[in-house]
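Whatever order the structure lists ligands and atoms in, that order sets their numbers, starting from 1. Throughout, numbering of the chain's residues begins at 1 and tracks the sequence. A quick note: this is a predicted structure, and the numbers were derived from the prediction, not measured. Only this structure's heavy atoms are used, side chains among them; waters, hydrogens and symmetry mates stay out.
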Amino acid sequence: MKLYSVKMRSSKGKVHISGAERIVEKEKVPETISALISRAFEHPRGSADTVSIKVERLREEPKRLPLLRIVEIKDRERYRAEEIVWRLLQKAGIDRLISLKVYRELLKGPSPSGTVMRGAMVVRAGSGERIEEDSFRGVRATYMDMTESALKSFRELVKDEFNENFRDAVVLSTKVINCRGVLAELCISDDPDYTTGYVSLKGIGYVRIKGIKPDNHPFGGRAFFVDENARIESIRDYMEKEPVIVDRVSSYDLLSFDGVLSL
Ligand code: WAQ
Ligand code: MG
């Protein structure tokens, strides 16, 4: 089957507004472009004045993966966002102080210029050292999507919680967590009004965190936590080149925070 990657990036002036991507069969390319352009025009960060679309034939068969298991915290309001983040990351062996440092860095704009990065920082879980080669840009996960049938099951699974940010984020994180050497991911949206983020942990899944940042906060970012032996070249290669398609969903549960910590 001939599969194509369709990517969209939009900006207003020099400012990046949004990006999204799909992997589809050739016949679906035109309608996919149209849907991505509508999305760019309707983005809450502002209507784009420039939208770029890139269409490429995939040279490799995508790796097929099940979606990460998703959990949500039932008693979210009993804890501070910071505490939820560090206690989850502690399950991946990451020290509290390292987690808090990264969390705060993402919230203030993790690029050395004090703005958001386009990609993710890559952090050694043991030492907290940032190893991405370009700390302005970071490492980008790309070439990933869900099959139509997995998307249908995903909508049924998450019901009213469905939105495009959520859909794209679980797919991205499924790719990221399946990378050799990656132990965990922390994500905070840079959209001022999208305050749901997540921590994903290898072997556990995607933990959704409502109110991971304050309302109307225009910064955010992602951190990929890797083990001591991980090489940045192989992490980057996998993230930026290997195509992944999610072809089935797992589960979506509401658990107490203690319940999540004991998974
Ligand atoms: N690869 C690596 N990092 C990325 C990528 C990518 N493809 N796309 C974005 N980032 C980084 C970049 O630094 C952004 O500033 C940051 O992540 C946030 O991106 O309801 O909306 O697209 O469960 O604003 C997560 C929660 C929503 C979804 C995430 O991220 C849910 C979101 P945004
Ligand atoms: Mg955004």
Ion pair check, Glu240 and Arg236, cut-off under 4.0 Å: no

Does the residue Thr142 have a heavy-atom contact with ligand 1, meaning some pair of atoms that are separated by less than 4.0 Å? no

When you measure from the heavy atoms of Asp168 to every atom of ligand 1, does any distance fall below 4.0 Å? no

Could you walk me through whether Asp190 and Phe219 pass the side chain to side chain contact (heavy atoms under 4.5 Å, CB included) test, one step at a time? CA-CA 4 Å; Asp190 54 25; Phe219 298 108; 5.9 Å; no

I need the contact type for Ser189 against ligand 1. Using non-hydrogen atoms and a strict under-4.0 Å cut-off, is it side chain, backbone, both or neither? both

Is it true that Phe219 lies under 4.0 Å from ligand 1, counting heavy atoms only? no

Sub-3.5 Å N/O-N/O distance, Phe224 and ligand 1: no

Checking heavy atoms under 4.0 Å, the part of Arg140 that sits near ligand 1 is both

Donor-acceptor contacts, no H, no angles, side chain residues 51-59, under 3.5 Å, sequence neighbours left out:
residue	atom	partner	partner atom	Å
Glu56	OE1	Tyr143	OH	2.9
Glu56	OE2	Tyr143	OH	3.0

Distance from atom 19 (O) of ligand 1 to nearest protein heavy atom, with residue and atom: Arg222 NH1, 3.5 Å

Have a look at the Mg ion (ligand 2) and estimate, to 10 degrees, the angle subtended by OD1 (Asp190) and OD1 (Asp191). 80°

Of Ser173, Ala223, Ala141, Ser111, which has the heavy atom at the shortest distance from atom 1 (N) of ligand 1? Ala141

Are Phe154 and Phe166 close enough that their ring centers fall under 6.0 Å? yes

For residues 170-177, please give each side-chain donor-acceptor pair under 3.5 Å, one per line with the distance, not counting sequence neighbours.
residue	atom	partner	partner atom	Å
Ser173	OG	Glu185	OE1	2.7
Ser173	OG	Ser200	OG	2.7
Thr174	OG1	Leu68	N	3.2
Thr174	OG1	Val170	O	2.7
Lys175	NZ	Thr142	O	2.7
Lys175	NZ	Tyr238	O	3.0
Lys175	NZ	Met239	O	3.0
Lys175	NZ	Glu242	O	2.6

Would you call Ile188 a ligand 1 contact, heavy-atom distance under 4.0 Å? yes

Does the structure place the NZ or CZ of Arg208 under 6.0 Å from the centre of the six-membered ring of Tyr198, at an angle of no more than 45° from the ring's axis? no

